[in-house]
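Notes for the one structure printed next.
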Amino acid sequence: MPSHAPEPDTVPAPDAAPPDPLGRERAHLAASRAALRAMREEAESLDIRDVTANWVNAAVLDAQIRERVKSLADLAHTPLFFGRLDYLRAVGAEEAEGGAGESFYIGRRHVHDAQGDPMVIDWRAPVSQPFYQASKKNPLDVGLRRRFGYTGGDLTAYEDEHLSDPAEDEHTSALLQAEIERPRVGPMRDIVATIQPEQDEIVRSGLGGTVCVQGGPGTGKTAVGLHRVAYLLYAHRERLARTGTLVVGPNASFLHYIEQVLPALGELEVKQSTVDALVTSDAVVVRGTDAAPTAIVKGDARMAEVLRRAVRSHVTPPVEPLMVVRGSRRWRVPAYELEEIVRELLDRDIRYGAARDALPQRIAHAVLVRMERAGEAPDDRVQDSVARNAAVKAVVKAVWPVVDPAKLVLRLLSDAEFLAEHAEGLLAPEEQRTILWEKPARSVRSVKWSAADAVLIDEASDLVSRTHSLGHVVLDEAQDLSPMQYRAVGRRCSTGSATVLGDLAQGTTPWATASWPEALRHLGKADALVEELTAGFRVPREVIAYASRLLPSISPGLAQVRSVRESPGSLSVRRVEGDTSLDAAVLDACRKSLGHEGSIGLIAADARVPRLAAALEAAGMPCLSPGEETTAESRLTLVPASLAKGLEYDYVVLDEPSAVVAGEPDERTGLRRLYVALTRAVSGLTVLHAAPLPAALAH
């Protein structure tokens with residue numbers, strides 16, 4: 001597999017036909033950038049006054065043009081293309097848009113010249129798929145696959161694979177390996193140039209089905225989920241433009257870390273949120289916390305039935321007849337008929353609010369039947385008028401009153417009798433006592449709602465009025481969600497699909513899910529396809545093997561990640577004597593790590609963070625907090641272990657593993673937190689400890 005390094009020549013103009021292959025590829029890059037610039041200038045020059053005189057259409061079109069201009073930005077350090085495919089023969093217009101011997105440059109977005117001919121093909125197009133899937137065993141009609149190497153945005157090397165040449169052995173691509181291992185500063189990058197075949201199959205799976213990806217550290221599950229969104233937006237843009245897409249992450253730091261991936265791929269419309277942000281509003285602000293036993297009960301799926309019972313309990317069967325006066329006539333509807341109408345609506349089990357809206361119309365219909373029997377010929381306007389009659393409104397108010405979801409949850413958590421009535425047979429008495437407030441709040445505004453309370457209110461809101469469903473939702477770090485949180489996310493894609501990403505071994509909440517089938521059932525996607533990624537690309541083999549010593553204790557039976565990257569010297573475990581010596585050793589390790597290129601993460605138990613922050617400041621070593629963007633000048637981040645999940649650093653210094661374990665409510669959760677901390681390093685991990693290592697790690 002020949003690899004070609006740069007030569008000290010200048011890039012010739014595109015029409016100069018440079019004699020060397022690298023020069024020709026550089027010329028094509030320059031021409032492609034010029035073509036993209038022309039596409040952007042064309043979009044900027046569009047005058048909406050030439051298209052429409054309607055101000056509403058003009059405003060919509062103007063917004064679309066502005067988004068189009070933004071999507072055509074040429075990012076200086078983001079190569080327009082990263083590969084090339086040379087097909088052996090014509091492969092059909094639908095797939096390759098070309099014939100024998102034609103080359104296709106594969107990149108992050110489509111670029112065409114002034115005649116409309118493609119200069120760069122979007123990586124999501126069907127013709128691009130062989131770049132990820134072709135192999136010596138199955139070349140997919142590809143004669144040559146060429147990968148490009150870049151330095152600071154400049155094309156500096158290329159590497160060829162002759163897939164149809166039996167004399168050429170199959171090798172691991174050096175450029176591919178270099179791209180995977182490239183030091184990172186700043187937020188998460190896309191992996192579009194390094195997607196592996198098993199990842200590509202998940203990325204290109206259809207919109208109609210939900211996919212759950214179980215993946216250990218370094219398997220690229222987060223990147224796969226984000227690239228699947230980008231692919232679905234490419235393949236189903238009109239549909240998803242109407243229904244919307246959403247990425248749900250565990251915390252704001254994580255969302256900040258991944259927020260540039262989709263824009264780099266030209267996708268600007270995907271919203272991001274945490275579960276907490278999804279379920280809170282101006283009226284429900286999370287200001288309190290729950291003890292773990294309380295949060296476990298509140299997050300249990302049984303609470304959904306408790307809430308359903310509580311909502312429906314507001315319906316009171318009518319005991320008095322209804323008298324509607326219209327002009328000189330009186331129309332009487334007996335109580336038993338009103339009760340039948342109410343019972344029918346209850347039996348249909350539709351949303352409480354929708355049933356309440358339907359009730360006056362049903363009652364009005366009963367009145368119209370009597371009018372028709374008396375020889376009148378009422379129409380729909382008469383029925384609407386009867387439905388608005390004061391007597392009908394009074395019956396609706398008494399029988400089917402308005403329910404405020406927050407007030408309902410307030411009453412459930414503060415009124416022992418009300419809770420016992422609706423939790424009977426569902427929650428044991430001790431569980432009911434666990435979630436009851438010791439000092440009930442006087443109003444919704446005065447309550448210090450917890451995150452679990454907000455989810456309960458969201459569930460109650462959906463019982464009253466259906467939650468809007470999106471076309472596709474990506475749920476990352478899903479293993480940490482409670483059943484009620486799964487339900488909250490599931491409501492946001494009830495008529496759409498989802499990509500669920502997680503690792504059961506990294507579940508660190510007291511309610512962490514035990515199995516994906518169980519989690520998917522709570523999400524409302526029991527028929528989802530579960531895929532497992534076991535090949536690791538980010539974490540060195542020595543590091544993942546060390547961390548995997550914990551798997552028998554934290555997640556028995558789960559497959560160990562098989563890292564494809566062997567990196568001798570990437571792991572260092574050292575014991576020091578005493579806390580003072582430990583602090584000094586940590587500072588020294590951070591200094592040595594900063595001698596390498598890339599980002600540095602100092603991960604420590606939450607309780608140790610203030611002490612280490614003070615030590616770093618005293619030593620003149622400024623550090624960032626999780627979520628703050630690393631730069632070439634500021635590359636060290638101090639990370640509490642509780643916020644490390646989902647983040648990656650080129651080099652990690654892990655402070656006192658036993659303190660990380662001790663910081664959790666139980667040993668298994670502590671060991672899982674430690675497993676997360678141990679697997680954040682891309683190039684090197686230094687573990688420093690004064691206390692003995694946890695037994696599960698020391699063997």
Side-chain angles (χ1 to χ4, degrees), residues 242-246 248 271 273-286 298-299 301-316 341-364 384 387-388 392-413 418 422 443-445 447 449 451-473 475 482-498 522-525:
R242 294 192 306 269
T243 56
T245 51
L246 174 69
V248 181
K271 294 188 171 88
S273 178
T274 62
V275 175
D276 289 348
L278 278 182
V279 300
T280 56
S281 63
D282 292 339
V284 180
V285 180
V286 174
K298 288 180 179 179
R302 293 172 294 169
M303 288 300 299
E305 177 61 21
V306 174
L307 289 165
R308 193 186 78 88
R309 291 179 183 179
V311 168
R312 289 166 64 93
S313 73
H314 288 76
V315 178
T316 305
I341 294 172
V342 171
R343 179 56 53 194
E344 179 194 357
L345 287 172
L346 283 172
D347 289 344
R348 288 183 60 192
D349 202 24
I350 59 178
R351 295 296 193 282
Y352 183 92
R356 188 180 190 278
D357 293 340
L359 181 57
Q361 289 290 335
R362 297 296 179 89
I363 295 174
D384 290 340
R388 294 192 299 270
V392 174
K393 287 183 176 180
V395 170
V396 172
K397 183 177 180 180
V399 171
W400 212 293
V402 172
V403 170
D404 181 291
K407 289 181 179 178
L408 175 75
V409 174
L410 171 63
R411 186 180 177 190
L412 266 178
L413 299 180
F418 187 67
H422 303 300
S443 68
V444 169
R445 288 286 182 183
V447 177
W449 298 110
D453 295 335
V455 176
L456 295 179
I457 295 171
D458 189 71
E459 179 84 26
S461 298
D462 185 69
L463 290 167
V464 173
S465 179
R466 183 183 296 276
T467 304
H468 173 68
S469 174
L470 299 166
H472 193 77
V473 172
L475 175 59
S482 71
M484 291 298 286
Q485 287 175 317
Y486 278 117
R487 291 176 61 88
V489 176
R491 287 190 282 278
R492 271 75 184 179
C493 56
S494 58
T495 59
S497 56
H522 294 311
L523 190 71
K525 306 293 182 183

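Owing to the predicted nature of the structure, the values given are computational and were not obtained by experimental measurement.
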**Request:** From the options V284, V279, T280, select the one residue that forms a side chain to side chain contact (heavy atoms under 4.5 Å, CB included) with I457.
**Result:** V284
**Request:** Keeping the roles fixed (side chain from K525, backbone from C493), state whether a donor-acceptor pair exists under 3.5 Å.
**Result:** yes
**Atom pair CD (E305) and CD (E459), whose distance is rounded to the nearest 0.5 Å** = 10.0 Å
**Request:** Start with the C-alpha gap between E344 and R362, add the side-chain angles, then the distance that decides, and say whether salt bridge (charged side-chain N to carboxylate O under 4.0 Å, His left out) holds.
**Result:** CA-CA 10 Å; E344 179 194 357; R362 297 296 179 89; 3.4 Å; yes
**Asked** Any donor and acceptor pair, going by atom type alone, linking the side chain of R492 with main-chain N or O of A488 inside 3.5 Å?
**Response** yes
**Prompt:** Any side-chain heavy atom of L523 sitting closer than 4.5 Å to one from R491?
**Reply:** no
**Asked** Tell me, do L307 and V409 make a side-chain contact under 4.5 Å, heavy atoms counted?
**Response** yes
**Request:** Over all heavy atoms of both residues, which pair between G471 and T243 is shortest? Give the atoms and the distance, please.
**Result:** CA-OG1, 3.2 Å
**Item:** Step-by-step side chain to side chain donor-acceptor pair (under 3.5 Å) determination, H472 to S497
**Value:** CA-CA 5 Å; H472 193 77; S497 56; 2.8 Å; yes
**Message:** Looking at every non-hydrogen atom in both residues, tell me the closest pair between A387 and K393 and how far apart they are.
**Reply:** O-CG, 4.4 Å
**Asked** Does any N or O in the side chain of R351 come within less than 3.5 Å of the main-chain N or O of D462, such that one atom is a donor and the other an acceptor?
**Response** yes
**Fill in**
For S469 and G496, the nearest pair of non-hydrogen atoms, with its separation, is OG-N, 3.7 Å
**Item:** Exercise: identify the closest heavy-atom pair between G244 and L470
**Value:** O-CB, 3.6 Å
Under 3.5 Å donor-acceptor pairs involving side-chain atoms of residues 396-407, not counting sequence neighbours:
unit_1, atom_1, unit_2, atom_2, d
W400, NE1, Y352, O, 3.2
D404, OD1, A406, N, 3.0
D404, OD1, K407, N, 2.9

**Prompt:** So how far is it from D276 CG to D458 CG, rounded to the nearest 0.5 Å?
**Reply:** 11.0 Å
**Message:** Holding to side chain to side chain contact (heavy atoms under 4.5 Å, CB included), I want the full list of residues that pass it with L410, two or more places apart in sequence or in another chain.
**Reply:** S414, W437, A441, V444, V447, W449
**Request:** List the steps and the verdict of side chain to side chain contact (heavy atoms under 4.5 Å, CB included) for T274 and V248.
**Result:** CA-CA 5 Å; T274 62; V248 181; 5.7 Å; no
**Asked** Taking everything shown except R466 itself, do over 12 heavy atoms lie less than 6.0 Å from its CZ?
**Response** no
**Fill in**
To the nearest 0.5 Å, atom CD1 of I350 lies from atom CG of L463 at 13.0 Å
**Message:** Measuring from atom CG of D384 to atom CD of Q361, what distance do you get when rounded to the nearest 0.5 angstrom?
**Reply:** 5.0 Å
**Asked** Step by step, would you call V315 with V342 a side chain to side chain contact (heavy atoms under 4.5 Å, CB included)?
**Response** CA-CA 8 Å; V315 178; V342 171; 3.6 Å; yes
**Request:** Report yes if some heavy atom in the side chain of S273 is under 4.5 Å from a heavy atom in the side chain of L246; otherwise report no.
**Result:** yes
**Request:** Run through V395, L346, L359 and flag the one making a side chain to side chain contact (heavy atoms under 4.5 Å, CB included) with I341.
**Result:** L359
**Separation between CG of L412 and CG of L456, rounded to the nearest 0.5 Å** = 8.5 Å
**Prompt:** To the nearest 0.5 Å, how far apart are CG in L408 and OG in S313?
**Reply:** 7.5 Å
**Request:** Check for a donor-acceptor pair, side chain of R487 on one end and backbone N or O of A301 on the other, with a separation under 3.5 Å.
**Result:** no
